[in-house]
Amino acid sequence: MRGFGLAALGRRQEAVDALEGLKTRASTEYVDPYNLFQVTAALDGLEAGLPYLEEALETRSLFLVYLGMLPPYRPFHSHPRFRAVLD
């Protein structure tokens with residue numbers, strides 16, 4: 001959430017640092033791919049985040065149940081790959 005918030009505030013470098021921290025942690029412990037999706041999509045757009053979103057679907061991330069209700073993702077609802085995760 002920190003990285004997502006920083007990206008939303010336009011504090012790009014801090015958000016990038018938070019994302020890199022998550023990736024580092026993911027090499028030694030479980031990090032929900034949904035968290036990587038959130039920060040990546042906030043920084044670089046949906047296309048960049050989609051691999052993590054699809055991984056979150058494969059791992060059955062609990063957070064996916066909220067995906068269709070979250071306002072930041074409404075613009076993505078018509079994208080076929082995003083829609084596939086929602087469906």
Q | Evaluation steps, side chain to side chain contact (heavy atoms under 4.5 Å, CB included), between Leu19 and Val16 | A | CA-CA 5 Å; Leu19 178 60; Val16 168; 5.6 Å; no

Closest non-hydrogen atom pair, [X] against [Y]:
X: Leu67; Y: His77; value: O-NE2, 4.3 Å
X: Ser27; Y: Thr24; value: OG-O, 2.6 Å
X: Ala7; Y: Ala42; value: CB-CB, 3.6 Å
X: Arg81; Y: Pro51; value: NH2-N, 4.3 Å
X: Ala18; Y: Gly3; value: CB-CA, 3.8 Å

Q.
Side chains of Phe37 and Ser61, heavy atoms from C-beta outward: is any pair under 4.5 Å?
A.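 Side chain of Phe37 against side chain of Ser61, heavy atoms only: no contact under 4.5 Å found.
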
Shared hydrophobic cluster, [X] / [Y] (ILVMFWY, side-chain heavy atoms < 4.5 Å):
X: Met1; Y: Val39; result: no
X: Val31; Y: Leu62; result: no
X: Phe76; Y: Phe63; result: yes

What's the separation between atom [atom1] in [X] and atom [atom2] in [Y], rounded to the nearest 0.5 Å?
X: Leu43; Y: Phe4; atom1: CG; atom2: CZ; answer: 10.0 Å
X: Thr59; Y: Leu64; atom1: OG1; atom2: CG; answer: 7.5 Å
X: Leu22; Y: Arg2; atom1: CG; atom2: CZ; answer: 10.0 Å

Q) Taking the inter-plane angle between the rings of Phe82 and Tyr73 on a 0 to 90° scale, is it parallel (under 30°), tilted (30 to 60°) or perpendicular (over 60°)? A) tilted

Q. Are Arg12 and Asp44 close enough for a salt bridge, meaning some N to O gap below 4.0 Å?
A. yes

Q: Report, as yes or no, whether the 6.0 Å neighbourhood of atom CE on Met69 holds more than 12 heavy atoms from other residues, nucleotides or ligands.
A: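 Yes, the 6.0 Å shell around CE holds more than 12 heavy atoms from other groups.
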
Q) Near Tyr30 OH, under 6.0 Å, is it more than 12 heavy atoms from other residues, nucleotides or ligands? A)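 Enclosed: over 12 neighbouring heavy atoms sit under 6.0 Å from OH of Tyr30.
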
Q) Out of Asp32, Leu36, Asn35, which one pairs with Tyr52 under the side-chain contact (heavy atoms from CB on, under 4.5 Å) rule? A)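 Answer to the side-chain contact (heavy atoms from CB on, under 4.5 Å) test with Tyr52 among Asp32, Leu36, Asn35: Leu36.
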
Q: Go through the steps to decide whether Leu9 and Glu14 satisfy the test side chain to side chain contact (heavy atoms under 4.5 Å, CB included), and finish with yes or no.
A: CA-CA 10 Å; Leu9 291 171; Glu14 290 172 90; over 6 Å; no

Q) Given the rule in the side chain to side chain contact (heavy atoms under 4.5 Å, CB included) test, do Leu6 and Asp17 qualify, once you have shown the distances and angles that lead to the verdict? A) CA-CA 10 Å; Leu6 290 167; Asp17 293 344; over 6 Å; no

